[in-house]
Protein chains: 2
Amino acid sequence: MKASERPKKRPTQADVARLASVSPAVVSAVVNGRDGSNGVRVGDRTAARVEEAIRQLGYVPNVAARSLARGRNGIIGVFTYEALFPMQAMSYYHPFLVGVEEAVEELDCHLLLFTGSHTDDRRRSIYKNGTNSLQVADGSVLIGQSEDRDELAALVRDGYPAVFIGRRELPGAEVSYAAADYGTATRQLVERISGLGHRGIARLRGGSNHESILDRDAGFAAARELLGDRVDTTEVFVPPRAESIAAVVPGLVEQGYTCIVTDDRERAGDVCAAATALGLSVPADLSVAALSEYSYVDNAVERWDITTITTPGREMGAAAVRLLADLLDNPADRSPRRVVIDCGFHAGATLTAPQGA
Amino acid sequence: MKASERPKKRPTQADVARLASVSPAVVSAVVNGRDGSNGVRVGDRTAARVEEAIRQLGYVPNVAARSLARGRNGIIGVFTYEALFPMQAMSYYHPFLVGVEEAVEELDCHLLLFTGSHTDDRRRSIYKNGTNSLQVADGSVLIGQSEDRDELAALVRDGYPAVFIGRRELPGAEVSYAAADYGTATRQLVERISGLGHRGIARLRGGSNHESILDRDAGFAAARELLGDRVDTTEVFVPPRAESIAAVVPGLVEQGYTCIVTDDRERAGDVCAAATALGLSVPADLSVAALSEYSYVDNAVERWDITTITTPGREMGAAAVRLLADLLDNPADRSPRRVVIDCGFHAGATLTAPQGA
DNA sequence: GTCAACAGATAATGCGCAATATCAAGGTGG
DNA sequence: CCACCTTGATATTGCGCATTATCTGTTGAC
């Protein structure tokens with residue numbers, strides 16, 4: 001780079017040192033709190049002189065140099081496989097981001113979004129050109145749905161400080177995460193349904209094997225165990241499409257199931273629609289509840305005020321950042337950090353006691 | 001840091017060089033495409049050997065070191081004075097962010113959100129402890145409403161590469177920005193209203209002196225000039241509160257104004273409400289249009305489908321980033337970069353021809 | 001056969017900072 | 001009055017990389 005191209009080099013510690021007539025080490029000490037924790041001690045008078053010089057020059061530490069020298073730079077990353085801000089994605093990511101921003105702000109760190117981490121075919125990827133592009137940040141929070149599990153496993157195995165939002169189990173890697181307690185929430189929901197007097201509860205389950213669904217499986221199983229044969233519970237595997245759902249609802253109703261539980265709010269809406277089509281009214285004739293508030297097509301489902309478990313998104317985001325901070329502050333402890341947070345509940349208007357009760 | 005704490009040092013170029021029995025410079029050349037653009041040339045055989053060594057060691061470049069050596073770090077910042085992910089979803093910022101993310105992704109850069117830039121009293125500020133905290137990024141896009149103009153002026157004067165979203169005029173500083181052409185949009189809207197047959201058009205103007213409002217002033221003035229005395233146009237200064245607006249609407253109607261134009265959608269809603277209260281129907285008896293789609297209380301206004309100018313938010317965000325990129329790539333050219341983008345128009349349902357026409 | 005040109009590599013420097021080792025005084029106790 | 005500690009500072013090194021200058025052997029031209 002020619003001198004003419006270099007418009008104005010940012011001032012460095014050396015510049016400050018020169019102006020204040022001290023050694024660079026003193027400047028460094030002043031910048032990073034001169035508590036003498038490092039070998040260098042600085043008197044009050046000199047410190048003041050240095051600070052004045054800093055102010056005068058507008059000196060600001062160079063992050064790259066700093067992180068090279070001490071290995072941290074005060075930047076926390078957020079990685080998602082999809083673009084963060086578009087409308088559809090925003091609705092999903094938003095609650096998490098609120099929590100993440102909140103916690104990161106508290107840590108006095110900055111937040112880095114890995115928009116540049118895509119391979120040549122425009123797909124986002126952690127390993128860009130074979131290099132871990134997340135390295136820019138001290139550590140990262142990982143959010144996402146459509147993910148590349150191999151990449152994630154490699155990331156964690158490499159020892160990169162990462163915390164997932166949502167439970168993840170990866171082969172050969174001890175993952176840290178902030179998850180929602182869908183298991184307990186599911187069990188409690190089923191118990192609540194049973195407590196209302198329902199004696200036939202059917203769960204429609206999609207084909208996903210995501211951890212969050214497995215958690216609900218476990219919760220449902222726990223509820224069945226608890227309720228024993230006092231309540232007839234069943235699980236039906238149904239593709240997550242309106243037609244498929246409409247196809248199974250009549251049979252379930254006929255068999256005496258008075259409450260149908262679905263994986264998410266959208267499917268619950270499908271059930272409501274199917275029930276309505278049968279001339280049944282919800283919740284008078286059939287109760288409906290969802291195990292997730294998430295809905296892909298946002299407003300289509302709004303006319304039903306579905307009873308549903310809610311995800312503590314903000315809390316999860318904040319918790320993930322705090323776990324990450326712990327991970328960074330105590331690198332000696334290599335154990336995964338995990339937090340499981342209670343879900344919320346939206347009472348809604350699709351669950352009541354069954355007609356007979 | 002004790003050896004026990006250092007979990008696993010990552011392999012460096014030096015390690016690779018040793019394993020492949022070459023000099024570090026060769027490794028560097030191989031890693032960054034050995035097109036000989038730098039002085040170092042590497043033969044095919046050695047290159048293959050080096051690549052094998054890289055693979056074997058799982059070498060990954062250290063970003064900090066790299067950006068220290070090259071002087072840029074591929075990070076573009078976004079600074080806002082308020083939290084970016086506020087609880088009330090889909091904030092003011094959202095459309096801009098969509099565009100910013102899009103353009104940044106195209107540049108292959110990362111996006112940094114300055115969450116850590118707050119002073120001790122928790123207010124966000126560019127100059128934290130008197131030093132420009134934006135320096136972390138190569139350059140930044142600035143979005144915001146409640147801003148500290150002195151800070152902004154200082155920032156630009158310091159030569160920090162920054163691009164505003166929205167027009168800004170700062171004392172003593174040549175500001176780069178990506179703005180919306182509210183002036184033209186306003187003129188065209190008034191012409192359209194006149195074209196529909198309205199002969200009395202009143203504009204309710206709040207007290208703001210923000211550039212975006214001044215642009216609308218200019219547009220309205222241009223329209224008045226154009227229309228001459230064929231149309232009775234007037235401007236009424238009214239505090240942006242529902243009561244104040246309700247107080248002036250009856251008089252305007254009585255004076256024969258058949259269309260009322262407001263600064264934003266929310267105020268337009270207030271006008272609609274006031275008109276309805278008078279027993280008038282919108283738009284049959286009174287047309288209403290807004291010069292900005294923005295609305296503070298989001299859903300309260302939704303029952304009126306207000307005719308309004310729309311802000312090309314996504315385009316502005318993307319344009320701002322591209323201007324910034326130009327600023328960074330051509331630091332020699334110190335002139336401000338500016339782009340003005342056409343507004344959109346939402347036809348809505350509150351504007352028709354006046355009854356008499 | 002001599003010199004130039006070039007391919008293919010190495011050596012060395014610096015980016016900006018933190019940390020470590022080192023050093024000069026002034027103060028205290030014996 | 002000398003050994004010793006404390007305070008307040010400096011000199012130096014190295015983090016991992018890109019880059020520049022430098023060096024060596026091999027061709028090719030004349």
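To find a chain, count down the sequence lines: A is the first, B the second, and so on, and within it residues start at 1.
In terms of the salt bridge (Lys or Arg N to Asp or Glu O under 4.0 Å) criterion, residue partners of B:Glu169 (sequence neighbours excluded) are, by chain and number, B:Arg167. Listed by chain and number, the residues in a ring pair (Phe, Tyr, Trp, His ring centres under 6.0 Å) with A:Tyr93 amount to none (sequence neighbours excluded). Residues that satisfy the salt bridge (Lys or Arg N to Asp or Glu O under 4.0 Å) test with A:Asp148, not counting sequence neighbours, are absent from this structure. B:Asp333 meets the salt bridge (Lys or Arg N to Asp or Glu O under 4.0 Å) test with B:Arg337; sequence neighbours excluded. Listed by chain and residue number, nothing satisfies the salt bridge (Lys or Arg N to Asp or Glu O under 4.0 Å) test with B:Glu51 (two or more places apart in sequence, or in another chain). Contacts of A:Tyr160 classified as ring pair (Phe, Tyr, Trp, His ring centres under 6.0 Å), with partners at least two apart in sequence or in another chain: none. Remark: A:Tyr177 pairs with no residue by the ring pair (Phe, Tyr, Trp, His ring centres under 6.0 Å) rule, at least two apart or across chains.
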Restricting both atoms to N or O, compile the protein contacts to nucleotides 4-8 of chain C shorter than 3.5 Å, with distance only.
{"from": "C:dA7", "atom 1": "OP2", "to": "B:Arg41", "atom 2": "NH2", "distance (Å)": "2.8"}

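The overall bend of the helix from C:dG1-D:dC30 to C:dG30-D:dC1, read as the angle between its terminal helix axes built from five base pairs each, is 50° when rounded to 10 degrees.
Residue A:Val27 is out of contact with every strand shown, counting any heavy-atom pair closer than 4.0 Å.
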- Message: I'd like to compare against my own output: the B/S/- annotation of nucleotides 12-17 of chain D with a strict under-4.0 Å heavy-atom distance to protein.
- Response: ---BBB
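In this structure, B:Asp138 places its CG atom 18 Å from P of C:dC15, rounding to the nearest Å. Separating the CZ atom of A:Arg18 from the P atom of D:dA9 is a distance of 19 Å, rounded to the nearest angstrom.
Aromatic ring orientation, B:Phe114 versus B:Phe79: tilted (interplanar angle from 30° to 60°).
Applying the salt bridge (Lys or Arg N to Asp or Glu O under 4.0 Å) definition to pairs two or more places apart or across chains, those involving residues 17-32 of chain B are B:Asp15-B:Arg18. Pairs of residues two or more places apart, or lying in two chains, never qualify as salt bridge (Lys or Arg N to Asp or Glu O under 4.0 Å) while including a residue from residues 19-32 of chain B.
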